[in-house]
2 protein chains.
Amino acid sequence: MHSFTELTTEFENRFVSALPFPQSPNTLYDPCRYLLQLGGKRVRPVLCLMANELMGDVHEDAWHAAAAIELLHNFTLIHDDIMDKAPLRRGFATIHEKYGMATGILSGDVMSIFAYQQLAYIKQPLTAVLQLFNKTAIEVCEGQQYDMDFEQRDDVSIDEYLHMITLKTSVLLACSLKMGGLLGGATEGNTDRLYSFGKNLGIAFQLQDDYLDAFGHTDKLGKQNGGDIKANKKTYLLLKAITNASAEQKQTIETLLENDDDDKVASMLNMFTTTKADIQCREAVQHYSDLAFKCLEDVAAPSKRKQHLHELASYLLERDK
Amino acid sequence: MHSFTELTTEFENRFVSALPFPQSPNTLYDPCRYLLQLGGKRVRPVLCLMANELMGDVHEDAWHAAAAIELLHNFTLIHDDIMDKAPLRRGFATIHEKYGMATGILSGDVMSIFAYQQLAYIKQPLTAVLQLFNKTAIEVCEGQQYDMDFEQRDDVSIDEYLHMITLKTSVLLACSLKMGGLLGGATEGNTDRLYSFGKNLGIAFQLQDDYLDAFGHTDKLGKQNGGDIKANKKTYLLLKAITNASAEQKQTIETLLENDDDDKVASMLNMFTTTKADIQCREAVQHYSDLAFKCLEDVAAPSKRKQHLHELASYLLERDK
């Protein structure tokens, strides 16, 4: 079995150091190479490889599946950054900032097709892998659309929010793990458990991200607290605070959403605490985290083989420690 | 065997009247339905079905391949229209005009994945079909990038132009035909001939489109002559005129490219005629058209079975008659 570091290094060597894009037109492929060489943690491909290794040695096809997943993920980043008008990604200029919007759209498009090119290498079970990949990619698009829709709405419920982050973030982690299992010959029960592990892990991770954006420490994360608050982002914390708030507190929150004063972040954090949204967010992280680890426990594989997945999940959920 | 009209009607019934998109989020899927229900000639899916019928009855999988091709084509239209800032498509508002740019990007993305969802229904030979589809989709992106690159360049050669239109337009026609053949169990030689038939047909069609934009009749096409000239588009006619021009004529053309006078179209048409670019363009249409029909003749199938493909190709290449 291989650790996160070992698998990341091997993935970088096999895939990222020798990207499948041709030289020409370089106006199309340079942006693709640029983004993929900026780094990134490669969590999704490594989850796929680790799930595959639960069943035995890493299968050659799992490397292609891992590459497909990383390409799909980066394709969504390119297009999301255009839609969100984001200037930076991984600390560097986004593709549309650096190369223009048209090239951003087209580089994303072609990257998504190169993801399918990787899948086409897979021998068995190609149809099941392709169906899972399609379903997941469709859901990720739907998640992004819901996220954009929510910006225009004032009545987003907690359930709707959880559904949105499940689609936008969690299903791709779940898919990565399930594909690793499928390519390792895991039974349907076990691939379902791997999928649930990834789904709950993803929800816990996103809720923790919401929490850390508000209450995390600037020095550890390298970014200032309160970015979501400044952007009036409808996070779990804000939606929960509104749900819990008294009429008077609700009025305070609405006033805060409408202003851009210097004390906006501090005042909103105060509302999150007063309404106990902060505690409930931490509880929700714990809840989905527990569910995730329970699913991993239930996968029928030797505990020793699950160790690296367990460590990776723990690492992802304890970033603030 | 079925005619173009019969296959189009059946395709509309099977696929377009019952599109595979779910209801929600309707902000994502309404735009997809909107575009696909605006019509379109459905030439590509019908080419796939006709090629399939060369070998026997239409195979169930060929309907899925045809749907995948039409979805891929419409996905590229959505994104190309954003990149080209086009306000109209099929006479109606483009998706980004009607629903906004972010939704345009995302609707295109999800439509491309639904294309792969159709492919995932295919049983045999899935890998070959998937590889062909990926290769083609990548080439279509490359063609669009070259087209955009050429706008910034003053030294585009005729060969480069032919390469660009091959990628942007022809390979998808070629792919449609080859996929139909593959799913009908055609030999490699025959699928290659079908591919070449589509490729040459596409080049002839695009060159004819260049010619008709300049010299076609307004009343027949429903659009004014000279759109390409007004937009300084580097068409076969313009590139050939520049190649053939004397130093003095070259100067005239360059002056025309820099102005927007009322007589710009008439003066440029005069240059096309004087330099004999118009005759050479018609000759090139004839050349690629001949190559196309020769390839179709060489496909090992009964002439009677090729009749509808022959008619469709003739129809596409004689739009001005």
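This one's a predicted model, so the numbers in the text were calculated from it and none came from an experiment. By convention in this document, chain letters (A, B, ...) are assigned in the order of the sequence lines, proteins followed by strands, and residues within each chain are numbered from 1.
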| task | Considering non-hydrogen atoms only, spot the tightest contact between I113(B) and C141(A) and give its length. | result |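 Result for this residue pair: CD1-SG, 3.8 Å.
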
| So which heavy atom on M148(A) is nearest to which on A102(B), and how close? |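 So the two residues come closest at SD-CB, 3.7 Å.
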
| task | Return the option, out of V110(A), I105(A), I138(A), with the maximum number of heavy-atom pairs under 4.5 Å with chain B. | result |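 The candidate making the most pairs under 4.5 Å is I138(A).
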
| said: Heavy-atom pairs under 4.5 Å with chain B: which of M83(A), Q145(A), M101(A), E142(A) has the most? | reply: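 The option with the most such pairs is Q145(A).
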
| query | Is there any residue in residues 116-132 of chain A with a non-hydrogen atom under 4.5 Å from a non-hydrogen atom of chain B, and which ones are they? | reply |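 Counting heavy atoms that sit under 4.5 Å from chain B, the residues of residues 116-132 of chain A involved are Y116(A), Q117(A), A120(A), L126(A), T127(A), L130(A), Q131(A).
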
| request: Identify the residues of residues 18-37 of chain A whose heavy atoms come closer than 4.5 Å to a heavy atom of chain B, ordered by number, or report 'none'. | output: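 Near chain B, by residue number: P22(A), S24(A), P25(A), T27(A), L28(A), Y29(A).
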
| query | Looking at CG of L106(B) and NE2 of H79(A), how far apart are the two atoms once the value is rounded to the nearest 0.5 Å? | reply |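 Atom-to-atom, L106(B):CG and H79(A):NE2 are 9.5 Å apart.
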
